[in-house]
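First the structure, in the form of structure tokens, and then the observations on it.
Heavy atoms only: backbone and side chains are in, while hydrogens, waters and symmetry mates are out. Quick caveat: nothing in here was measured; it's all calculated off a predicted structure. Residues take their numbers from the sequence shown, with the count starting at 1.
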Amino acid sequence: LPIALFLSFLDAYELFNIPLSWIGASLIVLFFVILYFYENMEIPSLIKILIIIALLPTLFEFPAINDLTDGKIYTLLRVFSFISFIFISYVTFLSRFNFVVINALEKIYTVLLLISLYTYLAQLFNFFEPLRNRPGTGILGFDAQVNFWISGSHRMVGTFREPVFLVSLLFPVFLALHFKKIRPVYFYILSALTFGLTKSEYALILVVAFLLVQIIL
């Protein structure tokens, strides 16, 4: 599970043109499918009906999606992600082994932060960095993609293709680990550096919301 989770966070890297994040996601689903059958679980009919209702708009729009370049492939990937998220959440909630998920996240989160900080420095000072499948965001519609934004200074992308992807995927992990138990000081320092260097408005919104919740609690 730690290996599968780690691969799923390597959004900017691929192997033989296959994104490592896809490989990681598939391994995670496989892990939870095995756990589902091992613990003899059963998904309630109500959840199945709600999933079908949620996917109805996509099914109705599928003919139009087919006309888009690679529209069918990416739509199926999104449907797979949606169903997988619900399935994994359900299994994790009911499983007596849910502590395994937290333990796996603990192992890889700090590693991901350290790798992200290294890639930030590597892109500034031209250190070695593995080849990325998307170096950054295109500027003003040009095809060339770089890690430096014309509207501001260099931003943290870590193992992701965009700063907002880093925030969207790593901040929930930060919350899960923080609310499970109090973490050492370096955990918060590394997290603050990583999310701060993305210079993302989304990160700012999440941090403010997090602080408000902390104050209320």
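- At least one donor-acceptor pair under 3.5 Å links the side chain of T119 to the backbone N or O of S116.
- Taking the six-membered ring for Trp and the full ring otherwise, F187 and H178 have centroids separated by 6.0 Å or more.
- Here the closest non-hydrogen pair linking K180 and I102 is CG-CG2, 4.1 Å.
- Hydrophobic clustering of Ile, Leu, Val, Met, Phe, Trp and Tyr side chains at less than 4.5 Å, counting indirect connections, keeps L5 apart from I34.
- Linking ILVMFWY residues whenever their side-chain heavy atoms come closer than 4.5 Å, directly or via other members, leaves L30 and I108 in distinct clusters.
- Counting only distance, with no hydrogens or angles, the side chain of K107 and the backbone of I3 share no donor-acceptor pair below 3.5 Å.
- When every heavy atom of L177 is checked against every heavy atom of E106, the shortest pair comes out as CD2-CG, 3.5 Å.
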Apply side-chain contact (heavy atoms from CB on, under 4.5 Å) to residues T198 and V164 and explain how you reach the verdict.
CA-CA 8 Å; T198 64; V164 71; over 6 Å; no
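- A ring-centre distance under 6.0 Å is not found for F87 and F32.
- Follow the hydrophobic side-chain contacts under 4.5 Å out from L10 and you reach L15 in the same cluster.
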Show the numbers, then the answer: is there a side-chain contact (heavy atoms from CB on, under 4.5 Å) between L170 and F160?
CA-CA 10 Å; L170 286 188; F160 299 86; 4.1 Å; yes
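- Taking CZ of F165 as the start and OH of Y202 as the end, the distance is 12.0 Å to the nearest 0.5 Å.
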Hey, mind stepping through I43 and I86 against side-chain contact (heavy atoms from CB on, under 4.5 Å) and telling me if it holds?
CA-CA 10 Å; I43 298 177; I86 295 175; over 6 Å; no
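- More than 12 heavy atoms of other shown residues, nucleotides or ligands fall within 6.0 angstrom of atom CG in L211.
- Within the model, atoms CG of L212 and CZ of F210 stand 11.0 Å from one another, a figure rounded to the nearest 0.5 Å.
- Residue F127 places its CZ atom among more than 12 non-hydrogen atoms of other residues, nucleotides or ligands, all under 6.0 Å distant.
- More than 12 heavy atoms of other shown residues, nucleotides or ligands fall within 6.0 angstrom of atom CD in Q214.
- For Y13 and R132, the side-chain atoms include at least one donor-acceptor pair closer than 3.5 Å.
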Would E162 and R155 satisfy salt bridge (Lys or Arg N to Asp or Glu O under 4.0 Å), going step by step from the backbone distance to the final call?
CA-CA 9 Å; E162 298 280 354; R155 296 172 63 186; over 6 Å; no
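- To the nearest 0.5 Å, the span separating CG on L114 from OH on Y186 amounts to 9.0 Å.
- For the pair E14 and L131, the minimum side-chain heavy-atom distance is 4.5 Å or more.
- In this structure, T159 and L112 have side chains that are in contact, with non-hydrogen atoms separated by less than 4.5 Å.
- You'll find the side chain of L204 stays beyond 4.5 Å of the side chain of F195, heavy atoms only.
- Closest of all the heavy-atom pairs between K199 and H154 is NZ-O, 2.8 Å.
- The OG1 atom of T194 sits 11.0 Å away from atom CZ of F174, with the distance rounded to the nearest 0.5 Å.
- S8 places a side-chain heavy atom less than 4.5 Å from the side chain of I28.
- At most 12 heavy atoms of other shown residues, nucleotides or ligands fall within 6.0 angstrom of atom CZ in F85.
- By the rule that hydrophobic residues join a cluster once side-chain heavy atoms approach within less than 4.5 Å of another member, I51 and I49 end up as members of separate clusters.
- For the atom pair OH of Y38 and OG of S95, the computed distance is 10.0 Å after rounding to the nearest 0.5 Å.
- For the pair L193/Y120, no side-chain contact is recorded, criterion being any heavy-atom separation below 4.5 Å from C-beta on.
- In this structure, L169 and D11 have side chains that are not in contact, with every pair of non-hydrogen atoms separated by 4.5 Å or more.
- A distance of 11.0 Å separates CD1 in I47 from CD in E42, rounded to the nearest 0.5 Å.
- F31 and F97 fall within a single hydrophobic cluster, where Ile, Leu, Val, Met, Phe, Trp and Tyr side chains are chained together by heavy-atom contacts under 4.5 Å.
- Under the 6.0 Å cut-off for aromatic ring centres, Y90 and Y36 do not qualify, their centroids lying 6.0 Å or more apart.
- Counting non-hydrogen atoms of other residues, nucleotides and ligands closer than 6.0 Å to CG of L94 gives a total above 12.
- The neighbour count for F99 CZ, taken as heavy atoms of other residues, nucleotides or ligands under 6.0 Å away, is above 12.
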Applying side-chain contact (heavy atoms from CB on, under 4.5 Å), run through L121 and L117 and close with a yes or a no.
CA-CA 6 Å; L121 295 174; L117 289 170; 5.8 Å; no
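- Considering only heavy atoms from C-beta on, F80 comes within 4.5 Å of V29 through its side chain.
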